[in-house]
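Here is the structure we will look at, set down as structure tokens.
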Amino acid sequence: MAEVEYNFEKIEEKWRKRWEKDGLFANRRDDRPPYYVLNMYPYPSGVLHIGHFLNYTLGDVMVRYKILRGFNVLSPMGWDSFGLPAENAAIRTGIHPHEFTENNIARCRRQMLRAGWGYDWNREFATSHADYYKWTQWFFLKFREKGLVVKKTAPVNWCGSCQTVLANEQVKEGECERCGSRVEQKDMNQWFYRMSAYAERLLAGHEALRGKWPDAVLAMQEEWIGRSEGAEVEFRVKETGDPVPVFTTRPDTLWGVTFMSVAPEHPLVEKLAAGAPRGREVLEAARRMRAIGTSARELAAQEKEGIFTGCHVVNPVNGAEIPLWVANFALMSYGTGAVMGVPAHDQRDWEFAKKYGIPVVQVVLPPDGSGPGTWEKAYVGAGEVVNSGPFTGEPDNFKAMPGVIDWLEKEGRGRRKVNYRLRDWLLSRQRYWGAPIPVIYCDSCGIVPVPEKDLPVLLPTDIDFTHGRGNPLARSKSFVNAPCPKCGRTGRRETDTMDTFVDSSWYQIRFADPANGRACWDAAKVAKWLPVDQYIGGIEHATMHLIYARFFTMALHDLGLVDFDEPFTRLFCQGMVCKVAYRCETCKWIPAEAVAVRRPDGSDASEEEAAAVLKRVENQGLDEAGLAAAGWKLVCAGCGGDRLHFEMTKIGKSKLNAVDSDAMIERFGADTVRLYMLSDSPPDRMQIWTEDGINGAWRTINRLWRLVMDSLERISSPGTPIPAELDAPNRALRRKTHQCVLKVTESIEGGYQFNTAIARTNELLNLLRSLRDQAHPAILRETLEIVVLSLSPIIPHFADECWSRMGHDRSVFSESWPEPDREAAREEEIEIPVRINGKVRARLTVPAGLSGGELEKLALADGNVQARLEGKVVARVVTVPGRLVNIAVKQG
RNA sequence: GCCGGGAUGGCGGAAUGGCAUACGCGCGGGUUUCAAAAACCCGUGACCGCAAGGUCGUGUGGGUUCAAGUCCCACUCCCGGCACCA
């Protein structure tokens, strides 16, 4: 008697142990071509959420697929273990960040093992371990030697609550990404990597990544790099002679400049205000503008504001004297911090000029011949140049007017210039739990790098986290006081640590040689594995980790440490996992369990009714309008109110719609969860989590289990040859089987479309269920083996158990991906639709391979067709062999 | 506003220019059962029709083609990213 229900607890554990014992993911098979699959390693928070589950499952499926395809697959895992959460926990609880982190790593590792993801655990490391961050520090010194490290005073984003500086990428809508407090602007002396020097190269690299990275990621990076072409033109302050260079992408409109604005923090502001009659007022206004913050986002939301400095600048192209303003929309961090104002042809300048009564001078005549007097807004289109000295009368199509720049260069009034939005990478943090920046300040020698032999600069352990504010490192005397490596006198150690994104910019290389104590890595090992063949992770890292890692790799290349300059050949970004979330107008987000249902008549719904309504909501069968139309009301069990809303949104703690992946594995087993996550949507799209969905996957697994178990006594013994002569049902089964292999392979190779791969095997299973009683033992075996092999990357424990029960000693993962038999897959007989004026009017069952002429003859001879053609004139017959016949007719 | 991606049944989604809706979920009906939320079978785009069958149908409007979900032009809406970047 076959087992009725698939016993995942016993089976999954058995195979995990077996893979471990066999060294499936750890043993290197150097006779095979190498292939490196990497998932973005996690911050060990202690609990992996369902988003991680999708991420790592995708990676695992790719790993197993590539193993079956005969590659020597490297699949490592490690921990991005420096960072704020551990330190915040230390401040809260007094538990040392190291201990906190190690505990969480242990918990995450257990979860990963239980999920069945295959990693080479021999290569595991954590970035917070000294033998890793030693090299993070070493790279800092190497980058510094190469001139890629700068220390400069810069307006930085300061989070008062975290007491640290944040990178622009970590400021979300003016708030700290981590803690949500308001971010202030502060001038501070900080360490930077000169990423801006690589702007052009980062952009140029997109060429090679196109088609291999998602379009969206490349588009986001392009925007982040923000290349724009134009000219730098030197204006001069009339009263003092100070130069005021400006960057413009519209040099063609230079003759239309009617004012100049500079950023509130522009150095000229203070200088000019010093002697001016309204100086105090100007300084006061500038201070006010600065206090509001300089994040472009905030400025956008804000009314344009400015103050006239009382000074003027001279336009180098025509000698015009125009007023100099301080304006809140001018950004010190972009271009030169000064902007020329052309109200006629720039919307922002138009608005500013209208507000302050600044004149508008037209220099482009639109085709309709109109002027600013009749305009509602600035004219930014093409036209004829007017009022522009030597260029008057020429056609203006702005972007394509290099003539102006040539003229500026010839006249010595300006020059061609390319500007980038990409800024240097602010890498210093005033926090404890990161890699210490290895320099010492000495009163006589200045900034002195820690000698390589003294690396790593270890984090001190004697820190009290629960008292005091600011950087705990600065409070450790044993850490701060250090002899100057140059002169030996007592110096002061740098107490800033590095941004965790520095750690994660090179971890993918360390996996090639994780235990090397003498060097960052062995060049031959890196040459073998890197760059990463397939990287997998969330798209939220597009302008952070993914751009830092690219920069870092290019810099390592320039240091001669690696011979490639892109870290990740292919990138796959998985979609978000979403689930319906409920929001009560009084109680905010509430869990699904706290939602009750009321009938149209106002009475409470029965349990079954409520379950049915909520199920339809979860499956998107009912939206809020549909629910209201049906008269059902959702009620918040917390407050009893019925003002309840719901939406499909990313799974998470904040919306109270989290899915506990551990609990799911406990209920259904890892394979069921894997199957569910991969079977519905393509993996780069949004995934919707429903209870019905996971139940359906469980039923599918069990149905397949029964099919295989019930077939065991009827299959031939392994290795039995396929008979040469087969009857029609067996030929049909074989045909479908080999078509399935072809299509599954295509689905996976063509972009990891596991949903269609699963659909193809389902089709085969449906046919097998209907023909199973007629199947020849050898054909039954072949079919089941191909089903099991095709699904093995997706449901590995299940597949290996089936494989073994089918009489194999070795794991399914020591086999090869099935080779399709194209001869067996070929159709014998096909159905050809005959269309008359586009409508199917007959179907011909014909042998495959008939010519167009034969098809046409058969189609026209068909009784149905002839009846339809009665009294009509055949205008044209198109036949597509193997496809269809189309007859175009006219009335006779 | 700019950039990227979309729009196909009740839902997730299939479809080298060639039978739209594969596969699955849900739903309806049936079988089995003390009873099932389990299993198995049948049905399931809309409309008209007792039926045979017919008409319509892939966001909207045009176009190319014997043939368009797919190609071209114009637009609408949705999701995501960026956004006073000179």
Side-chain angles (χ1 to χ4, degrees), chain A residues 4-5 214-224 226-228 230 246-250 253 261 263 296-304 327-331 333-342 346-349 351-352 419-421 539-540 542-543 575-576 608 611-612 615-616 618-622 626 648 676 679-682 684-688 690 692-693 695-700 702-703 706 743 746-747 753 755-766 769 831-840 843 875-880 882-889:
Chain A
V4 205
E5 195 166 85
D215 289 342
V217 174
L218 293 179
M220 281 188 242
Q221 291 205 354
E222 222 163 285
E223 205 161 276
W224 194 257
R227 182 183 202 274
S228 69
V246 299
F247 173 73
T248 178
T249 54
R250 292 290 307 269
T253 62
S261 28
R297 172 91 201 182
E298 284 173 280
L299 294 178
Q302 207 189 317
E303 170 85 357
K304 286 177 192 30
N328 66 345
F329 62 77
L331 303 169
S333 54
Y334 185 78
T336 63
V339 196
M340 64 184 216
V342 186
D346 181 278
Q347 186 55 27
R348 180 194 53 203
D349 297 344
E351 286 165 31
F352 193 77
N419 240 319
Y420 299 92
R421 239 176 287 187
I539 199 163
E540 66 274 13
T543 54
M576 286 190 302
E608 296 88 76
K615 184 171 167 175
R616 284 182 67 191
E618 193 185 59
N619 290 334
Q620 298 189 100
L622 259 187
M648 195 53 70
Y676 173 44
S679 60
D680 276 358
S681 307
D684 52 346
R685 270 198 239 177
M686 182 179 89
Q687 312 285 313
I688 293 167
T690 64
D692 278 336
N695 277 323
W698 171 239
R699 285 200 300 270
T700 303
N702 278 293
R703 246 154 57 90
R706 287 192 301 272
K743 286 174 171 169
E746 217 177 274
S747 290
Q753 295 163 54
N755 58 325
T756 50
I758 291 165
R760 298 287 91 89
T761 52
N762 275 336
E763 282 177 44
L764 172 58
L765 285 168
N766 288 344
R769 287 194 175 97
E831 198 179 65
I832 298 284
V834 181
R835 304 200 296 196
I836 297 174
N837 285 351
K839 300 230 185 310
V840 179
R843 292 170 190 284
R876 186 167 177 190
V877 180
V878 178
T879 61
V880 183
R883 283 286 180 189
L884 53 45
V885 179
N886 197 19
I887 304 169
V889 298

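- Between A:Ile836 atom CD1 and B:rA67 atom P there is a gap of 15 Å when expressed in whole angstrom units.
- At the heavy-atom level, A:Lys743 lies nowhere under 4.0 Å from the strands shown.
- Taking A:Ser747 as the reference, A:Thr756 meet the side chain to side chain donor-acceptor pair (under 3.5 Å) condition, with sequence neighbours excluded.
- Under the 4.0 Å criterion applied to side-chain N and carboxylate O atoms, A:Glu618 and A:Lys615 are not assigned as salt-bridge partners.
- Distance OH (A:Tyr420) to C1' (B:rA86): 17 Å, rounded to an integer number of Å.
- Taking side-chain N and O atoms only, A:Ser228 has a distance below 4.0 Å to OP1 or OP2 of B:rA86.
- Panel note: side chain A:Tyr676, backbone A:Trp698; no donor-acceptor pair is recorded below 3.5 Å.
- To the nearest 0.5 Å, the span separating CZ on A:Arg616 from CG on A:Asp692 amounts to 12.5 Å.
- You'll find the side chain of A:Met340 reaches within 4.5 Å of the side chain of A:Thr253, heavy atoms only.
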If you restrict it to nitrogen or oxygen atoms, what contacts under 3.5 Å exist between nucleotides 77-81 of chain B and the protein, and what is each distance?
| from | atom 1 | to | atom 2 | distance (Å) |
| --- | --- | --- | --- | --- |
| B:rG81 | N2 | A:Glu223 | OE1 | 3.3 |

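- Note: A:Arg760 CZ to A:Asn755 CG = 9.5 Å, rounded to the nearest 0.5 Å.
- Closest non-hydrogen pair, A:Ile832 versus A:Leu884, comes out as CG2-CA, 3.6 Å.
- Comparing B:rC77 with B:rC27, their P atoms are spaced 35 Å from each other, to the whole Å.
- Applying the salt bridge (Lys or Arg N to Asp or Glu O under 4.0 Å) rule to A:Glu222 yields the partners A:Arg210; only residues at least two apart in sequence or on another chain are considered.
- When the side chain to side chain donor-acceptor pair (under 3.5 Å) test is applied to A:Asp684, no partner is found at least two apart in sequence or on another chain.
- Here the nucleotide nearest the side chain of A:Tyr334, chosen from B:rA86, B:rG13, B:rC84, is B:rA86.
- We find that CH2 of A:Trp224 is positioned 19 Å from P of B:rG4, with the value rounded to whole Å.
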Report summary line: Once base and sugar-phosphate atoms are separated, protein heavy atoms under 4.0 Å mark nucleotides 37-45 of chain B, 5' to 3', with B, S and - as -SSS-----
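- With both ends at atom P, the span from B:rG69 to B:rG59 equals 9 Å, rounded to whole Å.
- Here A:Arg685 reaches the OP1 or OP2 of B:rA14: one of its side-chain N or O atoms lies under 4.0 Å away.
- Rounded to an integer number of Å, the gap from CG of A:Asp215 to P of B:rC82 is 17 Å.
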**Report entry** Derivation and outcome, side-chain contact (heavy atoms from CB on, under 4.5 Å), residues A:Ile688 and A:Asp680
**Finding:** CA-CA 9 Å; A:Ile688 293 167; A:Asp680 276 358; over 6 Å; no
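- Residues passing the salt bridge (Lys or Arg N to Asp or Glu O under 4.0 Å) test with A:Asp215, sequence neighbours excluded: none.
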Query - Base-pairing string, 5' to 3', of RNA chain B - Watson-Crick or wobble, under 3.5 Å, | interstrand - result: (((((((..(((.....[....)))((((((.......))))))((((....))))..(((((..]....))))))))))))....
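- Using P as the reference atom, B:rU70 and B:rU60 are 11 Å apart when rounded to the nearest Å.
- Comparing B:rA20 with B:rG9, their C1' atoms sit 11 Å apart, to the nearest whole Å.
- At least one side-chain heavy atom of A:Arg769 sits under 4.5 Å from a side-chain heavy atom of A:Arg703.
- Among the atoms of the strands shown, base atoms are found under 4.0 Å from some heavy atom of A:Ala338.
- Distance CD (A:Glu608) to P (B:rA35): 17 Å, rounded to an integer number of Å.
- Scanning for ring pair (Phe, Tyr, Trp, His ring centres under 6.0 Å) contacts around A:Tyr420 gives an empty result, with sequence neighbours left out.
- By the rule that a glycosidic angle within 90° of 0 means syn, B:rG53 does not qualify and counts as anti.
- Rounded to whole Å, atom C1' of B:rG28 lies 13 Å from atom NZ of A:Lys615.
- Note: A:Thr761 OG1 to A:Asn766 CG = 9.5 Å, rounded to the nearest 0.5 Å.
- In this structure A:Arg421 satisfies the side chain to side chain donor-acceptor pair (under 3.5 Å) test with no other residue, sequence neighbours excluded.
- Under the ring pair (Phe, Tyr, Trp, His ring centres under 6.0 Å) criterion, A:Phe352 pairs with A:Phe259, A:Trp325, A:Phe329, A:Tyr356, sequence neighbours left out.
- Whole-Å rounding puts the A:Asn419 CG to B:rA86 C1' distance at 9 Å.
- Annotation: the span from A:Glu540 atom CD to A:Met576 atom CE amounts to 9.5 Å, rounded to 0.5 Å.
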Report summary line: A correct 5'-to-3' footprint of nucleotides 16-23 of chain B, with B, S and - meaning base, sugar-phosphate only and no protein heavy atom under 4.0 Å, is B-BBS-BS
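- Of the C1' atoms belonging to B:rC75 and B:rC23, the separation is 34 Å, rounded to the nearest Å.
- Along RNA chain B, the nucleotide nearest A:Thr690 and the nucleotide nearest A:Met686 are compared for position; the residue whose nucleotide lies closer to the 5' end is A:Met686.
- Here the CZ atom belonging to A:Arg835 is positioned 11.5 Å from the CD1 atom belonging to A:Ile887, to the nearest 0.5 angstrom.
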Show the distances under 3.5 angstrom between N or O atoms of the protein and N or O atoms of nucleotides 9-11 of chain B.
| from | atom 1 | to | atom 2 | distance (Å) |
| --- | --- | --- | --- | --- |
| B:rC11 | O2' | A:Asn619 | O | 3.4 |

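- Counting any heavy atom pair closer than 4.0 Å across all strands shown, A:Pro682 reaches sugar-phosphate atoms only and no base atom.
- On the P atoms, B:rG13 is 15 Å away from B:rA22, given to the nearest whole Å.
- Position along RNA chain B of the nearest nucleotide to A:Gly337 versus A:Ser681 favours A:Ser681 as the more 5'-ward residue.
- Taking atom C1' in both B:rG53 and B:rU65, the straight-line distance is 30 Å, to the nearest Å.
- Comparing the P positions of B:rU44 and B:rG6 gives a spacing of 32 Å, expressed to the nearest Å.
- The CG-C1' distance, from A:Leu331 to B:rA83, rounds to 11 Å in whole Å.
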